[in-house]
S.K.: 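Please find one structure pasted underneath; my questions will follow.
Each chain gets a letter, A, B and so on, in the order the sequences are listed, and its residues count up from 1.
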Amino acid sequence: MRIERARGTRDFLPEEMRKRRIMEERMRAIAERWGYEEIRTPTFERAELFTLKSGQEILKEMYEFADKSGRHLALRPEITASVIRMYLNELKMAPKPTKWYYFGNCFRYEEPQKGRFREFWQFGTEIIGSDSPEAQAELIALAFAMLTALDVQAELHVGHVGLIRELLRAATPLNEEQHAIVMRLIDKGERAAVIELMEDVGVEQSLIDDLLYLIELKGEDTLQEARDRGVIAAKSAALSELQALLELLAVYRVAYTLNLGIARGLDYYTGMVFEIYEVGGKLGAQNQVCGGGSYRLAKLFGGEDIPSTGFAFGFDRLAEIFERAEGDVRQGGVVVVPIGDKNVDRAITSAAIEMASRLREYVPTHIDLMNRSLKAQLKYANARNDLFAVMIGANELQAGVVTLRDLVTGSQEQLSVDACVEHLRARFESRLNDKNST
RNA sequence: GCCGGGGUGUGGUAGCGGUUAUCCCUGGGGACUGUGGAUCCCUAGACCUGGGUUCAAAUCCCAGCCCCGGCCCCA
């Protein structure tokens, strides 16, 4: 019986893993240089961690289960909630801001399609302890530094849920719960439902108009325009925060599009929110590669109210876009080839294994594991792109040498074990240096 | 949750009512018994699953599973 992969999961073959490893290393390197440290949290958590404030949308997609003693658990649908939980559990006394990054798999029960899977990877960062414009700008700039390192062309959309919240607060008949509902409707783009809800509760028509005007705002000059029209109060805290952020983004030379319609599906965002979209058209409908913003989760989990800012990349979507120029072709190594019947010629086998062990201190080396003929061993080496074969048979043993064959040129020579090791070590060392310098 | 298009050896495919199920790639062996990449030969290996229609199903119908994509939402 053939067992199929679970729907929405993937196997990664060596070639794909090489590419992902390159991407991951580039992103890690940048995070480290910006002063962020790596953390890791559990793959599953108490389900309440996610149900508490992540929003309705994520609940119906969650993998929930009970363990053998009946605990209510869930596979993480995202990682931010875990990071904050971990911070509160372990590190309340840490100097702020705490700057962390993480890379891990997440799980959501959705219909798989291009760039969307049930198990997917997020690479994210969090600044815990600050949601200042400086923190927001740094974080967005960091995201773009990573995109640049991956040669991904993308555009940034920035919004601020504070502006909408301020306006909703002014709409007196609405309570907190209704605010959340309206936010969700805005995020979904369900304009008609927003109007209906607000009219039902009896919100003034002018306020409804203002709200609709606000969420449609797009583009850089619209902020001033909105203020001139009195839609945004001149002394709005959210407005001045957003303006400060935009100024800093200019300093970081990150281009942006203002989009106040971004409300985001996770309910915990409280301030700046942003989304980044790939612009090359390689992702079809799922072109959002990054999302994030400022939030206040800590209080919900029983801690003090810690302002934080974070984002998460959809790593798989980046992988879809990322073309690797170099390092694409697997660089072959060395094969040690014992010649003769391994079952009979124990001495040859031993000599070959000893040779392989020495070479493995310096170069990728493999040795026949299938008792193949000389011919078949070379064929395998050829198919693997190996560069050298070290052949050891009865003749070599008797003469105290090995035969080193250059699989690219086809030339070969006999030399001592030490000389052969030294020769290969030198060859591969210089190759590694070449690779690092490019 | 909704809507399209698909599942044939390891991978890529042809066949679309009756064939010994095609070709390329791959594994093993050989021509060439201590030398890979070319050529040729032998050999291994497949019709997603379950029902139905039919004398006869890979082929037609239905359901499920899976894949690819779109809507919605997200990363």
S.K.: Mind checking whether Trp121(A) and Phe12(A) have ring centres under 6.0 Å apart?
M.R.: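 Distance test on ring centres: under 6.0 Å, yes.
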S.K.: Please report the distance separating the C1' of rU39(B) from the corresponding atom of rU49(B), rounded so that it comes out in whole Å.
M.R.: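 Straight-line distance between the two C1' atoms is 43 Å.
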S.K.: Taking atom types as they are modelled, is there a donor-acceptor pair under 3.5 Å from the base of rA75(B) to the side chain of Glu278(A)?
M.R.: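 Side chain to base: no pair below 3.5 Å.
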S.K.: In whole Å, I'd like the distance from the CG atom of Leu369(A) to the P atom of rG27(B).
M.R.: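 Value for this atom pair: 16 Å.
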S.K.: Look at all strands and tell whether Gln377(A) reaches a base, only sugar-phosphate, or nothing, counting heavy atoms closer than 4.0 Å.
M.R.: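 No contact.
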S.K.: Do Asp386(A) and His366(A) get their side chains close enough for a donor-acceptor pair, meaning under 3.5 Å?
M.R.: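 Distance-only check passes for Asp386(A) and His366(A).
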S.K.: Centre-to-centre under 6.0 Å for Phe103(A) and Phe315(A), is that the case here?
M.R.: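 Yes, close enough.
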S.K.: Base, sugar-phosphate or nothing for Gly115(A)? Non-hydrogen atoms, less than 4.0 Å.
M.R.: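 Gly115(A): base contact, heavy atoms under 4.0 Å.
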S.K.: To the nearest angstrom, how far is Ile339(A) atom CD1 from rG36(B) atom P?
M.R.: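 Rounding to the nearest Å, CD1 of Ile339(A) and P of rG36(B) are 12 Å apart.
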S.K.: Could you identify the nucleotide paired to rU53(B), looking across every strand shown and requiring Watson-Crick or G-U wobble geometry with both distances under 3.5 Å?
M.R.: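 rU53(B) is paired with nothing.
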S.K.: Picking from rC73(B), rG69(B), rC2(B), which would you name as closest to the side chain of Arg116(A)?
M.R.: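 Within the option list, the nearest is rC73(B).
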S.K.: Could you check which of rG34(B), rA31(B), rA75(B) has an atom nearest any side-chain atom of Lys375(A)?
M.R.: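 Within the option list, the nearest is rA31(B).
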S.K.: When you compare rG18(B) with rA56(B), how far apart are their C1' atoms, in angstrom units rounded to a whole number?
M.R.: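 Taking atom C1' in both rG18(B) and rA56(B), they lie 6 Å apart.
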S.K.: Would you measure the distance from the P atom in rG50(B) across to the matching atom in rU43(B) and give it in whole Å?
M.R.: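 Comparing P positions in rG50(B) and rU43(B) gives a spacing of 30 Å.
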S.K.: Figure out the CG/P separation between Leu150(A) and rA75(B), and round it to whole Å.
M.R.: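 So the CG-P distance, Leu150(A) to rA75(B), works out to 19 Å.
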S.K.: Please report the distance, rounded to the nearest Å, between CG in Asn371(A) and P in rG29(B).
M.R.: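 Roughly 10 Å, once rounded to whole Å.
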S.K.: Taking only the side-chain heavy atoms of Ala376(A) (C-beta and beyond), determine which of rG34(B), rG29(B), rG1(B) contains the nearest atom.
M.R.: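 Nearest listed nucleotide: rG29(B).
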S.K.: Write down the distance separating the P atoms in rA31(B) and rG37(B), rounded off to the nearest Å.
M.R.: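 The answer is 14 Å between these two P atoms.
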S.K.: Whole-Å distance between rG70(B) C1' and Asn287(A) CG?
M.R.: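 About 14 Å, once rounded to whole Å.
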S.K.: Categorize Ala389(A) for me: base, sugar-phosphate, or nothing, with a 4.0 angstrom heavy-atom threshold over every strand shown.
M.R.: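 Here Ala389(A) touches no strand at all.
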S.K.: Considering Watson-Crick and G-U wobble pairs with both distances under 3.5 Å, what does rU39(B) pair with?
M.R.: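 Matched rU39(B) with rA31(B) under the 3.5 Å cut-off.
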S.K.: Nearest to the side chain of Met391(A) - rC73(B), rU35(B), rG36(B)?
M.R.: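 The closest nucleotide is rU35(B).
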S.K.: Starting from P on rA31(B), measure out to NZ on Lys379(A) and report it in whole angstrom.
M.R.: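 It is 13 Å, rounded to the nearest whole Å.
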S.K.: What is the nucleic acid contact for Phe107(A), judged by heavy atoms within less than 4.0 Å: base, sugar-phosphate only, or nothing?
M.R.: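 Here Phe107(A) touches no strand at all.
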S.K.: If you assign each of Gly8(A) and Val408(A) to its closest nucleotide in RNA chain B, which residue comes earlier from the 5' end?
M.R.: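 Going by which nucleotide is closer to the 5' end, it is Val408(A).
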S.K.: Checking base pairs now: Watson-Crick or wobble, both atom distances under 3.5 Å. What partners rG9(B)?
M.R.: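 WC or wobble partner does not exist here.
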S.K.: Expressed in whole Å, how much space separates the P atoms belonging to rU19(B) and rG64(B)?
M.R.: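 After rounding to an integer number of Å, I get 31 Å for this pair.
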S.K.: With Leu359(A), which of Leu424(A), Ile367(A), Val335(A) fulfils side-chain contact (heavy atoms from CB on, under 4.5 Å)?
M.R.: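 Running side-chain contact (heavy atoms from CB on, under 4.5 Å) over Leu424(A), Ile367(A), Val335(A) with Leu359(A) returns exactly one hit, Leu424(A).
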S.K.: Report yes if at least one side-chain N or O of Arg7(A) is closer than 4.0 Å to OP1 or OP2 of rC67(B); otherwise report no.
M.R.: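 Arg7(A) to rC67(B) OP1/OP2: side-chain N or O found under 4.0 Å.
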S.K.: Answer yes or no: side-chain N or O of Glu396(A) and base N or O of rG34(B) forming a donor-acceptor pair under 3.5 Å.
M.R.: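 Yes, a donor-acceptor pair under 3.5 Å.
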S.K.: Sequence neighbours left out, what passes salt bridge (charged side-chain N to carboxylate O under 4.0 Å, His left out) with Glu361(A)? Give chain and number order.
M.R.: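 With sequence neighbours excluded, Glu361(A) shows a salt bridge (charged side-chain N to carboxylate O under 4.0 Å, His left out) to no residue whatsoever.
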S.K.: Nearest whole angstrom, please: distance from the C1' of rG36(B) to the CZ of Arg372(A).
M.R.: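 It is 12 Å, rounded to the nearest whole Å.
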S.K.: Looking at rA75(B), does its base get a donor-acceptor pair with the side chain of Arg108(A) below 3.5 Å?
M.R.: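 Checked by distance alone, the answer is yes.
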S.K.: Is the phosphate of rA75(B) approached by Gln288(A) (side-chain N or O, under 4.0 Å from OP1 or OP2)?
M.R.: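 Yes, such a contact exists.
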S.K.: Considering every strand shown, what is the Watson-Crick or G-U wobble mate of rA44(B) when both distances are under 3.5 Å?
M.R.: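 With both distances under 3.5 Å, rA44(B) matches rU26(B).
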S.K.: For the base of rC74(B), is there a side-chain donor-acceptor partner from Arg317(A) under 3.5 Å away?
M.R.: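 Side chain to base: pair found, below 3.5 Å.
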S.K.: Could you tell me the Watson-Crick or G-U partner of rG4(B), where both distances fall under 3.5 Å? Say none if there is no partner.
M.R.: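 rG4(B) is paired with rC68(B).
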S.K.: Please report the distance separating the P of rA58(B) from the corresponding atom of rA46(B), rounded so that it comes out in whole Å.
M.R.: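 My reading of the P atoms in rA58(B) and rA46(B) gives 15 Å.
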S.K.: Would you mind checking if Arg85(A) and Glu45(A) are paired as a salt bridge, meaning a charged N to carboxylate O distance below 4.0 Å?
M.R.: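 Yes.
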S.K.: State, without any angle test, whether Arg317(A) and Asn287(A) hold a side-chain donor-acceptor pair at a distance under 3.5 Å.
M.R.: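 Note: Arg317(A) and Asn287(A) side chains miss the donor-acceptor criterion.
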S.K.: Do we see a donor-acceptor contact under 3.5 Å between the side chains of Glu155(A) and Thr257(A)?
M.R.: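 The answer is no; no qualifying pair exists.
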S.K.: Who pairs with Tyr252(A) by side chain to side chain contact (heavy atoms under 4.5 Å, CB included), at least two apart in sequence or on another chain?
M.R.: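 Tyr252(A) satisfies side chain to side chain contact (heavy atoms under 4.5 Å, CB included) with Trp34(A), Ala137(A), Glu138(A), Ala141(A), Val254(A) only.
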S.K.: Tell me which nucleotide among rU35(B), rC73(B), rG69(B) gets nearest to the side chain of Lys114(A).
M.R.: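 The listed nucleotide nearest to Lys114(A)'s side chain is rG69(B).
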S.K.: Answer yes or no: side-chain N or O of Asn395(A) and base N or O of rG34(B) forming a donor-acceptor pair under 3.5 Å.
M.R.: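 Indeed, a donor on one side and an acceptor on the other fall under 3.5 Å apart.
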S.K.: Taking the side chain of Gln113(A) as its heavy atoms from C-beta onward, which of rU35(B), rC72(B), rG36(B) lies nearest to it?
M.R.: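 The closest nucleotide is rC72(B).
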S.K.: Looking at every strand, decide which applies to Phe313(A) at a 4.0 Å heavy-atom threshold: base, sugar-phosphate, or nothing.
M.R.: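 Touches nothing.
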S.K.: Per the atom types in the model, does the base of rG36(B) pair as donor or acceptor with the side chain of Arg405(A) at under 3.5 Å?
M.R.: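 For Arg405(A), whose side chain was compared with the base of rG36(B), there is a donor-acceptor pair (under 3.5 Å).
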S.K.: Using Watson-Crick or G-U wobble geometry with both distances below 3.5 Å, tell me the partner of rU59(B), or none.
M.R.: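 Per the H-bond distance test, none.
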S.K.: In this structure, how many angstroms lie between the P atom of rG29(B) and the CG atom of Leu378(A), rounded?
M.R.: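 The answer, rounded to whole Å, is 13 Å.
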S.K.: Would you say the side chain of Gln412(A) and the base of rU35(B) hold a donor-acceptor pair, judged only by whether the two atoms sit under 3.5 Å apart?
M.R.: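 Per atom types, the contact qualifies.
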S.K.: In whole Å, measure the gap between the C1' atoms of rC67(B) and rC48(B) for me.
M.R.: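 11 Å, rounded to whole Å.
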S.K.: rC23(B) and rG9(B): how far apart are their C1' atoms, nearest whole angstrom?
M.R.: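 Looking at atom C1' only, rC23(B) and rG9(B) are 13 Å apart.
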